[in-house]
Amino acid sequence: MGEWIVKQSHEHHPLIFVLFGATGDLAKRKLFPALYSLHKERLLPERFAVVGVARGENTDEGFRSDVLSAVETYARFDVKDQQDWDAFKNRFYYYPLDVKSHEGYTGLKALLERLDHRYQIPGNRIFFLAMAPEFFGTIASNLKKTGFTSTQGWKRLIIEKPFGHDLLSAQQLNQQISEAFAEDEIYRIDHYLGKEMVQNIEVIRFANTLFESVWNNRYIDNIQITSSETVGVEERAAYYEKSGALRDMVQNHMLQMVMMMAMEPPSRLKTEAIRDEKVKVLRSLRRYTPEEVREHVVRGQYTAGRIKGQAVPGYREEPGVDPNSATETFVAAKLYIDNFRWAGVPFYIRTGKRMAQKSTEIVVQFKEMPINLYFNRERTLGPNLLVIRIHPVEGMHLMLNVKRPGTEGGIIPVAMDFCQNCAEGTPEAYERLLYDAMHGDSTFFTRWDEVSLAWKFVDAISAAWETSTSDLAHYTAGTWGPEEANQLLRKDGFHWWPVSGQSPEELKSVQKVHKAVEVFS
Ligand code: NAP
């Protein structure tokens, strides 16, 4: 597993970090700040250099000042000490290259060899492709043709999502990069796996008797996973129109969280043992027929509404979006994992844009106490809930029933609360992921069989959706999605638990639904 603490004491591995797409958004907002944080935490190797690659002409000094402005804008550490900053920035170099042109790679290779010599690096490389996916295959094969992959030292390739847009395209992409890199050299990023509380799931589960002993269908009623955004499609319409929420969020982030929640304890806390258990979850995930897709999967699209008091347009009015678009900006689904542990326990997932609140959260709803017994005669006891908060608040709380203080009696729910990021300074996902990749730990990256099984599951849903768009539901921007998503749970006698931190009005309305379910069930 990501042995964050253990690895700190290990010797750092010398390497050159080659960043393709060094002038892009991801590099500026995430990668430079992450490298700077690792520098401030003394977690970068001493013998280390970064080479930024993009098409535009620039000098090393010009590139370094771009890195400075990115760090000043987005990093969690301030740049205060000039000497310390110089020590960091002087390791950054820039190399202009159109990645499609094979000739330019020879000069890049020569630069890396000079830097190997300067920093005494034994040929170790990380190639990070922060570029549009259509370049991944070209870069990998040009690296191979120019001999980057056959020199002394280890080589690792980090690639961003999306990994294909369906199973077939993912297979083609995988085939292309596999010609240059072995599976254990490929680090496919799903940045959710770098999030503190996602990594914490296995510790919460496997380091606490309290949870692991009840982590099954005897004690758990259902599990709910929400990842909601308040932003709309922004400038990404060209990509999003083809992708939609199913491919953009469910195939990767949502299924990764399902796997972390549902996996069996691995035989050892080693990368491949953990990944094997995650893959088994996907193998047990029930695949749906087109009729079952209509029954268990809800798709929605936002219409004009208000976010934080501001009027926002509907999806079809967004720049670059087809006015008749049937692209889903919201998905809710009921999943079943057909194995002994989870038989009969629904996993409800929902994700969408322009929702009421930005939040990623998992709720484990435990079974209710028997009715007509002791305290639950009136069916007034709420179930125990374990709420794992992933973003923006990191932490968890456990809802318990306790006696109302005082003499009148009665029972009230209380939350035992643990906040991970209330104390400042938890590392960003990319810090952890870059650090792991530098140490050759691929636990929190996705393996090819995970990616391909996830596509198989998602492709069946897309295929069912292609036949007709009559089931596309609409929801007003600034709400929790279409009514159909509530019905999905109501049919089973459940409801979505309000995401932590919702307004008191919203909490009240959900509680009313809860009461209604009780009355009619
Ligand atoms: P971006 O802002 O469009 O940046 C693309 C980069 O690629 C630029 O540095 C561009 O530089 C370079 N580039 C384009 N064509 C090139 C060519 N022919 N040769 C060499 N360099 C070329 O993209 P991004 O938002 O950073 O996204 C990069 C990747 O990360 C994508 O796969 C995206 O899906 C993924 N991703 C991004 C985010 C995010 O927050 N941005 C989040 C998750 C995943 P020049 O134009 O100067 O050549």
Side-chain angles (χ1 to χ4, degrees), residues 17-35 50-59 62-63 66-67 69-70 73-75 92-105 107-108 111 126-143 146 157-165 169-170 173 176-177 186-195 227 229 231 233-245 247-249 251-254 256 320 351 353 358 360 391 428-434 437 444-446 451:
F17 187 84
V18 187
L19 175 57
F20 290 91
T23 54
D25 181 65
L26 185 72
K28 285 183 192 152
R29 283 195 309 116
K30 300 288 178 190
L31 304 179
F32 299 144
L35 288 171
V50 179
V51 175
V53 176
R55 283 170 303 182
E57 285 301 326
N58 204 350
T59 58
F63 180 48
D66 294 343
V67 174
S69 53
T73 315
Y74 300 111
F92 282 70
Y93 299 84
Y94 183 77
Y95 187 81
L97 168 74
D98 184 333
V99 295
K100 287 180 284 183
S101 125
H102 178 216
E103 299 76 54
Y105 285 76
L108 176 62
L111 170 62
I126 286 182
F127 302 104
F128 193 118
L129 310 192
M131 296 193 48
E134 63 257 32
F135 294 113
F136 294 169
T138 313
I139 299 173
S141 67
N142 277 330
L143 288 175
T146 325
L157 179 75
I158 307 186
I159 32 185
E160 267 297 335
K161 77 156 203 189
F163 199 88
H165 55 88
S169 58
L173 173 57
Q176 253 182 322
I177 58 175
I186 302 171
Y187 289 64
R188 297 178 193 80
I189 285 204
D190 184 318
H191 70 272
Y192 271 52
L193 288 177
K195 290 181 187 286
S227 186
E229 295 179 281
V231 294
V233 67
E234 298 178 296
E235 291 87 38
R236 295 168 70 219
Y239 157 75
Y240 201 80
E241 272 282 86
K242 288 194 221 119
S243 148
R247 293 184 169 98
D248 189 46
M249 290 295 293
Q251 188 271 343
N252 35 65
H253 310 317
M254 302 305 284
Q256 284 295 336
T351 179
K353 290 194 177 293
K358 180 178 172 62
T360 302
H391 189 78
E428 290 272 333
Y430 277 92
E431 293 172 33
R432 256 186 238 106
L433 294 172
L434 292 183
F444 291 113
F445 294 81
T446 56
V451 176

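Whatever order the structure lists ligands and atoms in, that order sets their numbers, starting from 1.
Applying the salt bridge (charged side-chain N to carboxylate O under 4.0 Å, His left out) criterion to E229, with sequence neighbours excluded, gives K353. Shown here are the side-chain hydrogen bond (donor to acceptor under 3.5 Å, both in side chains) partners of Y192, two or more places apart in sequence or in another chain: S227.
Neither the backbone nor the side chain of H191 comes within contact range of ligand 1; no heavy atom lies under 4.0 Å. At a 4.0 Å heavy-atom cut-off, ligand 1 does not touch V53 at all. Neither the backbone nor the side chain of F20 comes within 4.0 Å of ligand 1, counting heavy atoms alone.
At least one N or O atom of G24, backbone or side chain, sits closer than 3.5 Å to an N or O atom of ligand 1. Ligand 1 has no nitrogen or oxygen under 3.5 angstrom from a nitrogen or oxygen of P162.
Contact analysis leaves Y239 out of contact with ligand 1, as no non-hydrogen atom separation drops below 4.0 angstrom.
In terms of protein heavy-atom proximity, atom 46 (O) of ligand 1 is closest to R55 NH2, 2.9 Å. Counting protein heavy atoms only, atom 33 (C) of ligand 1 is closest to K161 O, 3.9 Å. When only non-hydrogen protein atoms are considered, atom 24 (P) of ligand 1 lies nearest to L26 N, 3.9 Å. Protein heavy atom in closest approach to atom 18 (N) of ligand 1: D98 OD1, 2.9 Å. The nearest heavy-atom contact from the protein to atom 40 (O) of ligand 1 is R29 NH2, 2.6 Å. Of all protein heavy atoms, the one closest to atom 30 (O) of ligand 1 is E160 CG, 3.4 Å. Protein heavy atom in closest approach to atom 21 (N) of ligand 1: M131 CE, 3.5 Å. The nearest heavy-atom contact from the protein to atom 5 (C) of ligand 1 is A130 O, 4.2 Å.
Within the model, atoms OG1 of T360 and CE of M249 stand 6.5 Å from one another, a figure rounded to the nearest 0.5 Å. Here CD of E428 is found 8.0 Å from NZ of K195. Values are rounded to the nearest 0.5 Å. Considering CG of L129 and OH of Y187, their distance stands at 14.5 Å, rounded to 0.5 Å. Expressed to the nearest 0.5 Å, how far CZ of F63 lies from CG of N58 amounts to 8.0 Å. Summarising the geometry, atom OH belonging to Y105 is positioned 5.0 Å from atom CD1 belonging to I139; distances are rounded to the nearest 0.5 Å.
Using a 4.5 Å heavy-atom cutoff, the side chains of V99 and N142 are not in contact.
In this pair, F92 and F32 present their aromatic rings perpendicular. The plane angle is above 60°, beyond the 30 to 60° band.
Of all atoms in ligand 1, listed by their number and element, those nearer than 4.0 Å to a heavy atom of G56 are 47 (O). When each atom of ligand 1 is checked for a heavy atom of L97 under 4.0 Å away, the hits are 19 (N), 20 (C). Applying the 4.0 Å criterion to heavy atoms of P133 picks out, from ligand 1, the atoms 32 (O). Interface of F135 with ligand 1, defined as ligand atoms under 4.0 Å from a residue heavy atom, comprises 15 (N), 18 (N). Within ligand 1, the atoms closer than 4.0 Å to a non-hydrogen atom of A22 are 9 (O), numbered from 1 in the order shown.
Within 6.0 Å of the CD atom in E234, the count of heavy atoms belonging to other residues, nucleotides or ligands exceeds 12.
The heavy atom nearest to atom 47 (O) of ligand 1, out of those in T23, V99, I139, D25, is found in T23.
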Residues R236, D248; criterion salt bridge (charged side-chain N to carboxylate O under 4.0 Å, His left out); working and verdict: CA-CA 12 Å; R236 295 168 70 219; D248 189 46; 3.7 Å; yes

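Within a 4.0 Å radius of atom 3 (O) of ligand 1, the protein has no heavy atom.
The two residues G164 and L173 come nearest to each other via the heavy atoms N-CD2, 4.0 Å. When every heavy atom of G56 is checked against every heavy atom of P96, the shortest pair comes out as O-CB, 3.6 Å.
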